[in-house]
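The structure appears right after this line, and notes come after that.
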Amino acid sequence: MCDLCNKQSESSLHLFLHCSFATSLWQWLGDIIKIHINVNSLIDILEVTNRGWSPQCKLVITSAILNIVNLIWISRNNLRFNNVKPSWNSVTALIIAHVSLTGNQTVLSTGSSIADFQILKAFKVNIHPRRAPRIIEVIWHPPILGWVKCNTDGSSLGNPGPSACGGVFRNYRGDFIGCFAISIGTANALKAELWGIIFAIEVAFDRGWKNLWIESDSMVASWALKSPSLIPWGVSRRSSGADAEATRRNMEFSGDPGRSSGGPVAPLRNRWESCLQKLNSLNFMLTHIFREGDHCADKLANLDSFNL
């Protein structure tokens, strides 16, 4: 016989779902969340958590369900073994205390609906509002008079996978003066970004552009120029040999649609160190820009990646 209701034989289904004590607790929870709870099974009860609640509110409701099941079992054992009849106020207070602890410890956020607010307050849970989005203005700026600016980007489909890099050159008026899109074989994303910077430096050096500003959306690539130790040279040595096979193509510069000089692509580290030497004869700066300000170079790099 069920110890809590003394009306029917005890079973798991009856104890946790159909006993008058259990149904009162499920009704109490349903009144808080303003939803009729189907008590045919525990799976049906858990379905109430999938009603589009905010993350914090969903956690609180889930915790309430688990704590109700736990308190039903504790109340049954206290009554059977200790002859202590469960007090409604004590049981609901314990459920609220346990749910409050869970809801306040979480880092999940809640929404702005009144329903969420009421549920959280019923369980004494502090509201965790969503963090306000950080808005950053991203604007492409042309270089000053006498300078050439090149926006570069790298693309790797698979990381590592088929990779390419691209770059767009513009003058102080923002006029287009050249671009490149180059496949580099199999590589990772960082390697593709570095190749983009390398090609930009080599093109500027070959064409006598003494004042060069490179802008990349890769923060790591920007740091690599200041500290070459950041570059995993061992990875480039283990590549599939694409360095020696990659060729410059899709070159287009105003006044000279031909390919830039330079011959076959040498290993990454050699080309990188060569570029560092060439920078001694250039006025050079390398800055970071968010991807939203680097659309043209991004499209060029992806165009050549998809054409591999």
Side-chain angles (χ1 to χ4, degrees), residues 1-136 158-159 291-292:
M1 184 66 64
C2 176
D3 293 288
L4 293 174
C5 69
N6 287 318
K7 294 180 180 179
Q8 297 185 29
S9 61
E10 184 180 84
S11 67
S12 296
L13 191 65
H14 169 79
L15 177 64
F16 294 110
L17 302 178
H18 300 147
C19 172
S20 58
F21 181 75
T23 55
S24 297
L25 287 174
W26 296 125
Q27 180 63 47
W28 169 76
L29 178 60
D31 291 341
I32 292 177
I33 65 177
K34 302 296 189 295
I35 290 177
H36 172 72
I37 298 178
N38 186 347
V39 293
N40 289 331
S41 69
L42 284 175
I43 294 177
D44 290 334
I45 293 175
L46 288 172
E47 280 297 317
V48 303
T49 63
N50 299 321
R51 297 292 186 92
W53 308 106
S54 65
Q56 186 185 19
C57 194
K58 180 176 180 178
L59 176 67
V60 165
I61 295 172
T62 303
S63 176
I65 293 172
L66 297 177
N67 276 284
I68 287 175
V69 172
N70 183 51
L71 263 296
I72 291 173
W73 181 246
I74 291 175
S75 299
R76 176 260 190 194
N77 290 338
N78 282 336
L79 184 56
R80 171 169 288 190
F81 300 111
N82 301 322
N83 200 28
V84 177
K85 188 175 181 179
S87 164
W88 175 261
N89 290 335
S90 297
V91 170
T92 54
L94 276 173
I95 295 172
I96 291 174
H98 293 161
V99 174
S100 175
L101 181 63
T102 301
N104 287 319
Q105 290 293 328
T106 182
V107 297
L108 299 176
S109 62
T110 189
S112 57
S113 72
I114 295 298
D116 285 4
F117 175 81
Q118 291 174 334
I119 292 170
L120 295 180
K121 286 306 175 185
F123 287 104
K124 299 181 181 180
V125 174
N126 297 324
I127 294 174
H128 297 169
R130 293 188 179 96
R131 292 184 179 180
R134 182 187 177 198
I135 300 175
I136 301 176
N159 197 29
R291 185 176 300 276
E292 291 77 4

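Everything numeric here is computed off the predicted structure, so don't read it as measured data.
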Might you point out which heavy atoms bring [X] and [Y] nearest each other, and give the distance in Å?
X	Y	value
A64	L29	CB-CD1, 3.9 Å
L13	N40	CD1-O, 4.0 Å
S20	C5	OG-CB, 3.6 Å
A22	L17	CB-N, 4.1 Å
S100	F123	CB-O, 3.1 Å
V91	S75	CG2-OG, 3.7 Å

Would you say that [X] contacts [Y] through its side chain, given a criterion of any heavy-atom pair below 4.5 Å between the two side chains?
X	Y	value
L4	P86	yes
N6	M1	yes
H128	L108	no
T110	F117	no
C19	R76	no

Rounded distance (nearest 0.5 Å) linking atom [atom1] of [X] with atom [atom2] of [Y]:
X	Y	atom1	atom2	answer
L120	N104	CG	CG	9.0 Å
N67	L71	CG	CG	6.5 Å
N78	W73	CG	CH2	11.5 Å
I61	L66	CD1	CG	12.0 Å
N83	D3	CG	CG	10.0 Å
L94	I74	CG	CD1	7.5 Å

Let me have the donor-acceptor pairs involving side chains of residues 45-52, under 3.5 Å, with sequence neighbours excluded, atom names and distances please.
unit_1 : atom_1 : unit_2 : atom_2 : d
T49    : OG1    : L46    : O      : 2.6

Going through the checks in order, is the side chain to side chain contact (heavy atoms under 4.5 Å, CB included) test met by W88 and S24?
-> CA-CA 9 Å; W88 175 261; S24 297; 3.6 Å; yes
Would you tell me whether S41 and D44 have side-chain atoms, one donor and one acceptor, within less than 3.5 Å of each other?
->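 Yes, D44 and S41 have a side-chain donor paired with an acceptor closer than 3.5 Å.
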Apply the test side chain to side chain contact (heavy atoms under 4.5 Å, CB included) to residues I95 and L25: give CA-CA distance (whole Å), side-chain angles for both, the deciding distance (0.1 Å), then the verdict.
-> CA-CA 10 Å; I95 295 172; L25 287 174; 4.2 Å; yes
When you look at CD1 of I136, are more than 12 heavy atoms from neighbouring residues, nucleotides or ligands closer to it than 6.0 Å?
->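 Buried by this count: over 12 neighbours within 6.0 Å.
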Would one find more than 12 heavy atoms of other residues, nucleotides or ligands at under 6.0 Å from atom NZ of K121?
->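 Buried by this count: over 12 neighbours within 6.0 Å.
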Hey, is the main chain of [Y] close enough, under 3.5 Å, to the side chain of [X] for a donor-acceptor pair?
X	Y	result
Q56	N126	yes
W26	F16	yes
S63	L59	no
T106	T102	no

Mind checking salt bridge (Lys or Arg N to Asp or Glu O under 4.0 Å) for R130 and listing every partner two or more places apart, or none if nothing turns up?
->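 Testing R130 for salt bridge (Lys or Arg N to Asp or Glu O under 4.0 Å), a comparison that skips the adjacent residues, returns none.
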